[in-house]
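Just below is one structure, and these are the notes that go with it.
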Amino acid sequence: MYYKTVGRNFHPGFELPIWYNPCEEFTFQGTDLGLRLILIKEGAGILNMEAGRVPVIAPCVLCLNETETVKLEQNQGLKARAFYFHPSYINSHFSFENIRLDANDFLETDRQDAYWLRSFILRDPKFPYGLLEIGHSVAERISKLFDKLNEQLEHQGDYYWPCRSRSFFLEILFLLDRIYSVIIADQNINTPEAIKNPHPIVLYLYMNYKEDITIAKLSKCFRINRTTMSKSFKEATSSSIIEYLIKLRIRLACLLLRDTTIPVTEVAERVGFNNLTHFGRTFSKYLGCSPSEYHRKYCWLLNKIS
Amino acid sequence: MNRFKVTQEYPDVQVISQTGSSEIFSVIGRINERFKLVLVEDGTGVLNIGECQETFIAPAIFCFDELEKPKLIRSINLSVRLLYFHPRVINSSYSFELLRNIDGITDFTIRSNRQLLRPFFDKSPEYIGLLNMNGVNGKSVAYLLNAIQGEITNQNYTYIRTVLFELLILIQKIYYEYFGKEKINQTSTMEQSATNLFDGMGSQIHDSDDDIKEIINYLNANFRRKITLDELSKLFYLNRMTLNQRFAKATGMSVKHYLTKLRIRTASFLLQNPEFCISDIPEHLGFYDSAHFYRIFRKYTGCSPSDYQRRYCV
């Protein structure tokens, strides 16, 4: 039994294989959840998945398949909503098996439709968890599309509600696919590294990366001796605290450069660099190009505006 | 993987934008077995489609099926682009016959993708293929056409198809905005009043009054500056009274009313852009002063220009 929405006035009894969960708390488990598109709108947390423990911060999207389970291990005001769906919602020929096989009896267009689900199915070192970190403007657009899609499922205002819901869903998939293709084309920097145990400082860094963070301040704040703190953090994450913080800041800077047209100086400030030269140098060290080069190359808003 | 190969006279997806605008319309009638989309980027014109004659102003799009042979009667400063495609790009099992008759087919994918193609083949006296749009949508259509055109040389067909889907979804939205009003139950009153601004504009002129068509063309091209009845009367050698009467008979409204609608409609499109400065509108669009513009705008849309911009751009 998979989750679905049942038709009422229009197409009574018709079962559309998609279901809206307005408040995703990662408590549902099992393989009958199907594919899940989860939008994390607020807060931060640490998720435990087969591929590893991964810290997440809003806004981001999780594209999960039926074999993956997620547990929320640490929660800092995390708010998420989700659509659960069966691949046949995208194409009635699809099953969980054949979308992975590139089945022989697929039509050309089936094969192309299956491509839209790759962020749910394909897993590799560059994309191990199905996690897509997104900018606020993209999150806003996806959030609006969530509302429109849900409105169709809930109100079923006319004969075309199933088709219309699907076209909103496709719009979300296209948006995510664009971000996915940048992430897999890019350096590994865009994938958060798994951590061995849910160290409290990891989440603290995620929540406070904009602030001026120093080892001394952290040690005071968590009331741990500096050496013990650094040692336990390194055990949990395999990086030093400062290295981890810098990587996080650079990753979030990439996101702003990719999904917004915010000027570089402001990007630096927003992710917690107060020295622009230092930001530029650190950025090129990790990405091999300057922030503005990265912006020109990957910002998909640029083409749309000009 | 031969789905998109040039096996027939025409490839399955193609975008044309270099040729002269009037040529593009004449090409359409010669391309068989393809749906066609024309984006009017600039200018205005009159088009013959079957029995109907249609006046159009940029930004707008036309959707044609595989059989229609539109004829451009006249045009001013026209700039258009053409996209044509075979529906099998959307779903391998589509033929023109299947799209027109899907009785007995229950497959959800076949039925819901067909919905996206309806603006091309499902015509009626109310909808003959012309969709007026706001400037933002016009830019989005142009952007998507660019994206398709850019990838045709790279032969990245999976991507082209995705962009084509995006384009069809956008067109479907515009289509429902103007022709599916009764079907969407949650349209706000503001959107409805903006939609009503289209009534009687760009739609068929019932009377075949050539002088009046000429005048409408002139108004569509020049409404951005002040136009007086005297000016029209001199230009078209018609007495003021006769002119107004014949205009009303053909369009259902006076010249002044038509001009005002045209200006308010354009203003409402401009205001859908959050960065557009309201105080620029009066002089851009031939209003006497801003007080005049505010008063008229409120009268036609039911809200002030700034409310309109705020509500649209949230």
Side-chain angles (χ1 to χ4, degrees), chain A residues 9-11 14-18 86-94 105-116 118 140 144-145 147-148 151-152 154-178 181 300-306, chain B residues 1-5 12 86-94 105-118 136 139-144 146-147 150 156-173 175-176 180-187 273 275 314:
Chain A
N9 292 339
F10 298 95
H11 310 291
F14 172 75
E15 293 180 345
L16 193 66
I18 182 164
H86 189 276
S88 65
Y89 182 53
I90 304 306
N91 185 316
S92 38
H93 294 168
F94 287 175
D105 56 347
F106 267 10
L107 300 170
E108 181 69 29
T109 47
D110 294 338
R111 207 160 287 139
Q112 289 165 329
D113 285 354
Y115 195 72
W116 294 336
R118 58 192 177 141
E140 201 45 49
K144 274 187 185 157
L145 288 165
D147 292 338
K148 286 180 176 172
E151 193 196 308
Q152 294 298 328
E154 195 163 310
H155 295 283
Q156 307 187 358
D158 67 10
Y159 188 76
Y160 302 111
W161 70 266
C163 305
R164 205 174 284 125
S165 78
R166 178 173 172 269
S167 67
F168 287 131
F169 194 77
L170 289 182
E171 272 189 87
I172 302 174
L173 286 190
F174 299 158
L175 210 61
L176 296 179
D177 199 62
R178 204 169 275 162
S181 48
W300 49 278
L301 284 162
L302 279 185
N303 312 321
K304 199 145 196 168
I305 285 166
S306 59
Chain B
M1 281 290 195
N2 57 4
R3 175 55 45 212
F4 287 93
K5 253 191 207 154
D12 274 4
H86 194 288
R88 65 182 161 226
V89 172
I90 301 304
N91 192 309
S92 298
S93 54
Y94 280 167
I105 292 175
T106 53
D107 186 290
F108 176 61
T109 317
I110 289 190
R111 293 190 81 102
S112 57
N113 283 344
R114 174 180 177 270
Q115 260 338 84
L116 294 174
L117 295 169
R118 264 180 67 177
V136 178
K139 278 207 173 131
S140 301
V141 173
Y143 168 77
L144 295 171
N146 279 338
N156 184 354
Y157 294 121
T158 307
Y159 177 75
I160 290 176
R161 180 168 175 268
T162 303
V163 181
L164 187 57
F165 260 89
E166 285 188 71
L167 186 60
L168 293 176
I169 289 173
L170 176 63
I171 292 170
Q172 196 194 35
K173 272 188 204 154
Y175 176 81
Y176 276 120
K181 275 177 273 180
E182 75 285 355
K183 287 177 195 147
I184 297 166
N185 44 4
Q186 296 216 325
T187 338
N273 177 353
E275 277 147 39
V314 188

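Every chain is numbered from 1, with letters handed out A, B, ... down the list of sequences.
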Given heavy-atom pairs under 4.5 angstrom as the criterion, report whether the side chain, backbone, both or neither of A:D113 touches chain B. both
For A:E108 and B:S92, the nearest pair of non-hydrogen atoms, with its separation, is N-OG, 3.5 Å
Can A:R164 be said to sit on top of B:Y176's aromatic six-ring, NZ or CZ under 6.0 Å from centre and within 45° of the ring axis? yes
Sorted by chain and number, sequence neighbours left out, side-chain contact (heavy atoms from CB on, under 4.5 Å) with A:E154 holds for A:N150
Please check this pair: side chain of B:T109 against backbone of A:S92, looking for a donor-acceptor N/O pair closer than 3.5 Å. yes
At a 4.5 Å cut-off on heavy atoms, which part of B:I90 comes close to chain A: side chain, backbone, both, or neither? backbone
With rounding to the nearest 0.5 Å, note down the distance linking OG1 in B:T158 to CG in A:D177. 10.0 Å
Taking the side chain as every heavy atom from C-beta outward, state whether A:Y160 and B:R118 have any pair of such atoms under 4.5 Å apart. yes
From OG (A:S167) to CD1 (B:I169), nearest 0.5 Å: 5.0 Å
Let's go through B:N113 and A:R166 carefully: what are the C-alpha distance in whole Å and the side-chain angles of both, what is the deciding distance for side-chain contact (heavy atoms from CB on, under 4.5 Å) to 0.1 Å, and is it a yes or a no? CA-CA 9 Å; B:N113 283 344; A:R166 178 173 172 269; 2.6 Å; yes
For the residue pair A:T109 and B:R88, establish whether any side-chain heavy-atom pair is separated by less than 4.5 Å. no
Atom pair CZ (B:R161) and CH2 (A:W116), whose distance is rounded to the nearest 0.5 Å: 4.5 Å
Take atom CZ in A:F14; do more than 12 heavy atoms of anything else shown fall under 6.0 Å from it? yes
Rounded to the nearest 0.5 Å, what separates atom CG in A:N91 from atom CG in B:N91? 7.0 Å
Using the six-membered ring wherever Trp is involved, compare the ring planes of A:Y89 and B:F108 and label them parallel, tilted or perpendicular (cut-offs 30° and 60°). parallel
Contact part of A:I90 toward chain B, heavy-atom cut-off under 4.5 Å: side chain, backbone, both or neither? backbone
Inter-residue atom distance B:S112.OG - A:L16.CG, 0.5 Å rounding: 9.0 Å
